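Only one structure is covered here, and it is reproduced in the block below.
Note that the structure is predicted; figures quoted are calculated from it, not measured. Counting convention: from 1, in listed order, for ligands and their atoms alike.
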Amino acid sequence: MKRDLRGMTLPEVAEALKTMGQPAFRAKQLYTWLHKGAGYEDMTNIPKTLREALTTEYDLYRPTPVRRQESARDGTIKYLWQLADGNCVETVLMRYHYGNTVCISSEVGCRMGCAFCASTIGGLVRRLEPHEMLDEVLFTQLDSGLEISHIVLMGIGEPLDNFDKVMRFLELVNSPEGMNISMRHISLSTCGLVPKIDALAERKLQLTLSVSLHAPNDEIRNRIMPVNQAYDVETLLSACRRYYAATSRRISFEYAMIDGVNDSADNAKELLRRLKGLPAHVNLIPLNRVEESPLVPSTKAAVERFQKILEDGGVSATVRRTLGGDIDASCGQLRRKYTQQKG
Ligand code: SAH
C-alpha cells in the first residue's frame with residue numbers, strides 16, 4: 001500500500017522530496033497545494049516530471065460526497081464521504097455565530113457500545129488515517145464554500161481509541177502552512193478512556209477536552225456506557241482533575257438527557273457534588289432519538305430543572321441547541337441508513 005501524501009507532515013514531505021533530488025523550496029509549495037485539496041493536475045508550478053514521480057510513489061485520494069443533506073431550518077449540512085476503500089463516514093457542518101464548525105468522525109464505526117448511540121451499533125470497522133480526518137475538514141470547506149474555523153471531534157468513533165492518528169491529524173490541521181486551525185478552536189470528545197486522557201494531558205495542547213459523562217454515578221453510567229466498567233466515574237473524574245492540573249484548560253462535560261434514566265433532581269444534585277472543585281462546564285444535550293434504542297429524550301421541564309440545579313450550585317451549564325434535526329444530523333444515523341440501503 002502506498003502512503004497518502006496528504007498524511008505527511010511538512011518535514012516528512014521535505015525529506016521525501018530531498019531523496020527525490022528536489023530543491024528545498026518545493027516542499028512548502030507542494031504542502032500548500034496538498035492542504036488546499038489540490039490534485040496533481042492543479043499543481044501548475046510544480047514540474048510535470050516531479051508530479052509523475054509522486055504519482056508512482058504516493059497516493060493522493062480525494063473523498064467523494066455520496067450524500068449531502070442541507071437543513072432547511074438552520075443551514076446545517078451533513079456529508080457522507082466515501083473513503084478510498086469504499087467505507088463511509090459522516091461530517092457535519094454547523095453554522096454558529098462564532099464561526100463555521102465542522103464535526104468530524106475519527107473511526108468507521110465504534111467499539112465503545114454506548115446504549116444511546118447509533119455509531120456503535122455495527123461495531124468498529126476500522127480507524128481513520130490522519131489524512132482522512134483532514135480530508136473531512138478540507139473537502140467540507142471546499143464543497144460548501146464556507147470557511148471552517150472550528151473543529152469538534154464528536155462524529156463517529158472514539159478519538160482516544162485512535163490516539164496516534166488523531167494526534168497526527170491535529171498536527172496537520174493546525175500547521176501554519178496548512179489549514180492553520182488554532183488548537184483553541186478544536187474540541188475533542190471522549191467517552192472516558194483514562195490512560196489516554198493522561199497521555200493527552202502530557203502533550204499540553206490548548207484544545208478543549210469534552211468528556212461524555214452522561215451520569216452522576218456508576219450505577220447509572222454502567223447501564224448506559226460499558227466503558228464505565230473499565231474506568232468508573234471516580235477514576236474518570238480524577239483523570240479530569242489531573243488533566244486540568246496539567247493544562248489549565250477547563251473541561252467540558254457532555255450530559256445527554258434521557259427520560260427517567262439520568263434526569264432527576266437528585267441526579268443533578270449528585271452531579272453537582274461530584275464536580276465540586278473541578279473547573280467545568282456542563283453541556284446538557286436532549287437525547288437524539290435513535291430508531292434501534294428504546295431510550296427517549298427528557299422533557300423540556302426536566303432539562304430546565306437540571307440546568308437550574310447545576311447553575312444554582314455554581315457549575316455553568318448550557319442546554320445545547322439541536323441543529324439539523326430534520327436531516328438525521330446526529331451521529332451515525334446517516335451512515336447506518338446508507339449502508340442498510342446498499343444492503
Ligand atoms: N466517542 C466520543 C465522541 C463521539 S460522540 C465520545 O463518546 O465522546 C459525541 C457526543 O454525542 C458524545 O457525548 C456522545 O455520548 C453523544 N451522543 C451519542 N449518541 C447520542 C444521542 N443519541 N443523543 C445525544 N447525544 C449522543
**OP:** Decide whether the shortest distance between a heavy atom of Ser119 and an atom of ligand 1 is less than 4.0 Å.
**Re:**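 Contact check Ser119 vs ligand 1: negative.
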**OP:** Determine, for Glu129 against Arg168, whether the closest basic-nitrogen to carboxylate-oxygen distance falls under 4.0 angstrom.
**Re:** no
What's the shortest heavy-atom distance between [X] and [Y], and which atoms?
| X | Y | answer |
| --- | --- | --- |
| Arg274 | Val233 | CZ-CG1, 3.7 Å |
| Arg250 | Thr208 | O-CG2, 4.4 Å |
| Ala302 | Ser298 | CB-CB, 4.2 Å |

Under 4.0 Å from any heavy atom of [X], which atoms of ligand 1 are there?
| X | result |
| --- | --- |
| Cys117 | 18 (C), 19 (N) |
| Cys191 | 6 (C), 7 (O), 8 (O) |
| Gly157 | 1 (N), 2 (C), 3 (C), 4 (C) |
| Val290 | 22 (N) |
| Glu254 | 13 (O) |
| His214 | 13 (O), 14 (C), 15 (O) |

Original post:
Could you go step by step and tell me if Ser106 and Glu158 meet the side chain to side chain contact (heavy atoms under 4.5 Å, CB included) rule?
Top reply: CA-CA 7 Å; Ser106 55; Glu158 167 51 49; 5.7 Å; no
Original post:
Pairs in or reaching into residues 230-274: which pass ring-ring contact (aromatic ring centres under 6.0 Å, His included), with residues at least two apart or in two chains?
Top reply: Tyr255-Phe306
**OP:** With atom 2 (C) of ligand 1 as the reference point, say which of Ser189, Ser210, Pro297 has the nearest heavy atom.
**Re:**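 Heavy atom nearest to atom 2 (C) of ligand 1 belongs to Ser189.
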Enumerate, atom names and distances included, each donor-acceptor pair closer than 3.5 Å involving a side-chain atom of residues 146-157, sequence neighbours excluded.
none

**OP:** May I ask you to check whether Leu153 has an N/O atom sitting below 3.5 Å from an N/O atom of ligand 1?
**Re:** no
**OP:** Return a yes/no value for Phe116: is any of its N or O atoms, backbone included, closer than 3.5 angstrom to an N or O of ligand 1?
**Re:** yes
Original post:
Side chain, backbone, both or neither: which part of Thr190 has a heavy atom under 4.0 Å from ligand 1?
Top reply: backbone
Subject >> Close side-chain approach of His281 and Val315, heavy atoms under 4.5 Å >> reply: no
